[in-house]
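If you're wondering where the values come from, they're calculated on a predicted model, not measured in any experiment.
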Amino acid sequence: MPCVEVFDTQDQEYRLSVIPDGIPAMSVEVMSTLGWEKYSHEQFGLNRFGASGAYKDVYKKFEFTPEGISKRAVKTIDFYKDVKPLRSPLNRAFQQLI
């Protein structure tokens, strides 16, 4: 999702075509998971400060690698496989006021 602000202005039908019911969604953002709970069931990212160094070393330490991401994707799918019906994270009881 290149821009959450633009995505949020789209109608619900379009947004649900991108993040539909029945499919577990996982977000990946190295810098932070803040805000991604609105769009995904699981979030993978750093939730703290203090990780510095060469980016390749930091990515490897925290498993922001193809293997680390795929490992978490498999865990997400396995965790939600028996949740029926699995609702899109966009389907909420109510929307927050903005």
Side-chain angles (χ1 to χ4, degrees):
M1 182 183 316
C3 178
V4 295
E5 290 84 5
V6 172
F7 184 76
D8 286 345
T9 65
Q10 305 303 310
D11 64 47
Q12 180 76 347
E13 182 180 354
Y14 172 77
R15 290 183 293 134
L16 284 171
S17 76
V18 176
I19 307 172
D21 290 331
I23 299 173
M26 181 183 88
S27 64
V28 179
E29 184 171 333
V30 175
M31 299 304 289
S32 175
T33 62
L34 183 64
W36 285 109
E37 67 280 352
K38 181 178 176 181
Y39 308 100
S40 59
H41 297 98
E42 300 293 334
Q43 301 81 41
F44 179 38
L46 292 180
N47 290 326
R48 63 183 184 79
F49 295 101
S52 61
Y55 83 91
K56 288 182 181 180
D57 296 335
V58 173
Y59 280 28
K60 185 175 181 182
K61 176 180 173 61
F62 292 102
E63 297 186 353
F64 290 105
T65 61
E67 298 80 14
I69 294 168
S70 63
K71 175 173 81 173
R72 284 162 180 82
V74 168
K75 286 183 178 194
T76 299
I77 292 166
D78 286 346
F79 183 83
Y80 288 99
K81 69 181 174 192
D82 295 325
V83 177
K84 307 283 188 223
L86 178 60
R87 295 178 183 258
S88 168
L90 302 174
N91 279 324
R92 305 280 181 175
F94 61 91
Q95 299 297 316
Q96 294 296 329
L97 299 176
I98 52 174

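- Atom NE2 of His41 and atom OG1 of Thr76 lie 10.0 Å apart (nearest 0.5 Å).
- Residues that satisfy the salt bridge (Lys or Arg N to Asp or Glu O under 4.0 Å) test with Glu37, not counting sequence neighbours, are absent from this structure.
- Side-chain heavy-atom separations under 4.5 angstrom define the hydrophobic clusters, and Phe94 shares its cluster with no other residue.
- For Ser88, the side chain to side chain donor-acceptor pair (under 3.5 Å) test picks out no residue, with sequence neighbours left out.
- Cluster partners of Leu34 are absent, since no Ile, Leu, Val, Met, Phe, Trp or Tyr has side-chain heavy atoms less than 4.5 Å from it.
- Membership of the apolar cluster around Val30 extends to Met26, Val28, Phe44, Leu46, Tyr55, Val58, Tyr59, Phe62, Phe64, Ile69, as traced through chained side-chain contacts below 4.5 Å between ILVMFWY residues.
- Tyr14 and Val4 fall within the same hydrophobic cluster, where Ile, Leu, Val, Met, Phe, Trp and Tyr residues are linked whenever their side-chain heavy atoms come under 4.5 Å apart, directly or through other members.
- Contacts classified as salt bridge (charged side-chain N to carboxylate O under 4.0 Å, His left out) and involving residues 1-15 (residues at least two apart or in different chains) are given here: Asp8-Lys38.
- Scanning for salt bridge (Lys or Arg N to Asp or Glu O under 4.0 Å) contacts around Arg72 gives Glu63, with sequence neighbours left out.
- Scanning both residues, Ser70 and Glu67, for their nearest heavy atoms gives OG-O, 3.1 Å.
- Its side chain within the 4.5 Å cluster rule, Phe79 clusters with Tyr80, Val83, Leu86 among the Ile, Leu, Val, Met, Phe, Trp and Tyr residues.
- In this structure the side chain of Val18 never reaches within 4.5 angstrom of the side chain of Leu90, judged on heavy atoms.
- Every residue meeting the side chain to side chain donor-acceptor pair (under 3.5 Å) condition with Ser27, not counting sequence neighbours, appears here in chain and number order: Ser40.
- Pairs engaging residues 73-89 under the salt bridge (charged side-chain N to carboxylate O under 4.0 Å, His left out) rule: none recorded [sequence neighbours left out].
- For Lys60, there are no salt bridge (Lys or Arg N to Asp or Glu O under 4.0 Å) partners at least two apart in sequence or on another chain.
- For Ile77, the side chain to side chain contact (heavy atoms under 4.5 Å, CB included) partners are Pro24, not counting sequence neighbours.
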